[in-house]
Amino acid sequence: MNILVVGSGGREHAICSAFRRSTKTGNLFCAPGNAGIASISNCVNIAADDVRSLADFAAANDIGITFVGGETSLALGIVDEFERRGLRIIGPRANAAQLEASKAFAKGFMARHGIPTAKFTVSHSADFAILELESGDFGGPDATVVVKADGLAAGKGVVVAKGRAAATDAINHLGEIAGSAAADKIVLEECLVGREVSLLAFSDGENFALMPAVRDHKRLADGDTGPNTGGMGTVSDDALLSETELSDIVERIVRPTFHACKREDISFRGILFFGLMLTANGPMVLEYNVRFGDPETQSILVRLETDFVDICEAMLAGNLSDLDIKWTKGSSACVILAAEGYPVKPRTGDIINGLTEAAKVQDVAVFHAGTARDAAGNFVTSGGRVLGVTAVDTNLDGALSSAYEAVSKISWPGMQFRKDIGK
Ligand code: AMP
Ligand code: GLY
């Protein structure tokens with residue numbers, strides 16, 4: 001069967017390689033892809049948000065399954081468009097994509113259905129948001145408050161503000177930070193304290209199947225310092241959640257969320273990502289994403305043993321509960337290598353050395369995010385996050401040491417990475 005993956009990052013490279021491992025995959029296409037993805041699939045020069053052209057391509061090339069990587073195309077209604085044309089595609093429709101595309105919608109949804117999340121308000125202007133802040137509902141002048149832009153902001157829409165002055169400043173500048181369209185509505189939240197963990201699930205609209213829990217590292221530098229990024233590394237480990245914590249999350253959050261989707265007539269087929277905080281009062285939802293995470297996916301899919309096409313078929317057929325999805329026991333780790341200047345102004349065009357040596361390290365996969373080829377055929381940097389060096393092992397220390405061994409083979413001028421992933 002021919003497969004089309006939509007997107008161009010490390011996540012999409014990991015998704016393409018999961019499809020490549022399936023004996024059922026015929027021609028594999030990725031739109032637009034990147035230089036690393038090109039070594040395992042045919043890259044098609046169509047942008048991920050050009051929904052009509054993607055549907056034309058799928059129809060013309062006998063694509064059996066289209067798999068969407070990112071939120072932008074989902075929010076634009078790529079699934080609605082494909083379904084209208086009778087094309088098979090995995091992902092939620094635009095109405096369900098609102099769970100990520102509008103934080104105000106997601107918070108209202110959780111409130112309506114009693115799904116635990118931080119206390120919040122939604123304001124339609126900066127002035128009203130400041131009035132909410134000054135009402136004292138989020139604590140006194142020194143309280144930490146989380147200021148969020150409502151819309152999609154590629155990870156730049158959240159400011160954890162220490163004290164009312166910082167929160168006021170964030171509210172007044174949210175348009176510049178997150179983009180004015182995203183900051184059209186402003187969500188204020190109480191600041192939750194605890195351990196962060198992410199849990200992702202496949203859903204066929206009726207049933208869901210959980211993936212291994214994963215933890216990401218959002219800050220640029222060691223010790224959780226420096227600016228927020230799209231993610232500098234992830235680990236997946238069976239010990240991230242105890243059995244009690246997991247069943248608590250499923251009963252209080254995962255099951256109620258899918259149930260609520262049905263009650264609101266939002267059919268959710270695809271991947272739902274629960275960003276969670278484990279607080280003293282139990283697990284709470286920080287955010288929903290309606291897709292695989294990047295770089296969470298890299299460390300999740302390297303542990304997948306079940307045929308990825310079979311999972312997609314089960315999601316399309318609505319019989320996910322008949323499939324026993326298998327994962328390798330143990331752990332995996334993904335270390336992101338980023339370009340100089342990331343996340344503010346990444347420098348591009350640097351030649352990447354050592355990829356062949358890194359690929360020889362056992363149980364390591366190097367996923368490409370921002371890479372291209374120069375005229376001489378060398379791999380060069382072409383984005384902020386450049387590579388995701390990912391390893392699997394029976395234990396976390398083993399996975400981390402393989403990943404870092406492969407990292408030590410790779411270099412380019414100004415390469416940045418965290419040395420404390422998984423610590
Ligand atoms: P989000 O995009 O909503 O997941 O927010 C990005 C990051 O901000 C999260 O991964 C958390 O580290 C932090 N964050 C968001 N909301 C809260 C909250 N209510 N309390 C504490 N931290 C938060
Ligand atoms: N790594 C976080 C995300 O994909 O949203």
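Note that ligands are numbered from 1 as they come in the structure, with each ligand's atoms numbered from 1 the same way. Predicted model, so just to flag it, every value in this text is computed and none were measured.
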Give me the ring orientation class for Phe274 and Tyr288: parallel if the planes are under 30° apart, tilted from 30 to 60°, perpendicular past 60°.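 The rings of Phe274 and Tyr288 stand perpendicular, inter-plane angle above 60°.
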Geometric class of the Phe29/Phe57 ring pair [parallel <30°, tilted 30-60°, perpendicular >60°]: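 Rings of Phe57 and Phe29: perpendicular, over 60°.
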Heavy-atom proximity to atom 1 (N) of ligand 2, best of Glu296, Glu71, Arg11, Lys218: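 The residue whose heavy atom sits nearest atom 1 (N) of ligand 2 is Glu296.
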Would you check whether Gly293 reaches within less than 4.0 Å of ligand 2, judged by its heavy atoms?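 Checking ligand 2 against Gly293, which is what was asked, there is a heavy-atom contact under 4.0 Å.
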Select one of side chain, backbone, both or neither to describe which atoms of Thr234 lie under 4.0 Å from any atom of ligand 2, heavy atoms only.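 The answer is neither; Thr234 stays 4.0 Å or more away.
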For Asp393 and Ser331, which I'm curious about, is there any donor-acceptor pair between the side chains at under 3.5 Å?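 Note: Asp393 and Ser331 side chains miss the donor-acceptor criterion.
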Have Asn34 and Ser8 got a donor and an acceptor in their side chains that come within less than 3.5 Å?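 Checked: Asn34/Ser8 side chains show no N/O donor-acceptor pair below 3.5 Å.
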Give a yes/no verdict on a cation-pi contact between Lys419 and Phe417, requiring under 6.0 Å between NZ or CZ and the six-membered ring centre and an angle within 45° of the axis.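 Yes, a cation-pi geometry.
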Proximal atoms of ligand 2 relative to Asn289 (non-hydrogen, under 4.0 Å):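 This gives 5 (O) as the contact atoms.
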Are any non-hydrogen side-chain atoms of Phe202 and Ile271 less than 4.5 angstrom apart?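 Contact flag for Phe202/Ile271 side chains = yes.
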Looking only at non-hydrogen atoms, find the nearest pair between Pro92 and Ala97 and report the distance.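 Nearest heavy atoms, Pro92 then Ala97: CB-N, 4.4 Å.
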Are the side chain of Glu176 and the backbone N or O of His173 linked by a donor-acceptor pair below 3.5 Å?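 Not confirmed, Glu176 side chain does not pair with His173 backbone.
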Could you name the protein residues that come within less than 4.0 Å of ligand 1, counting only heavy atoms, and order them by chain and residue number?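 Within 4.0 Å of ligand 1, the protein residues are Lys103, Ala118, Val146, Lys148, Val158, Glu189, Glu190, Cys191, Leu192, Glu196, Lys218, Met277, Leu286, Glu287.
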Distance from atom 5 (O) of ligand 2 to nearest protein heavy atom, with residue and atom: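 Sorting protein heavy atoms by distance from atom 5 (O) of ligand 2 puts Arg291 NH2, 2.8 Å first.
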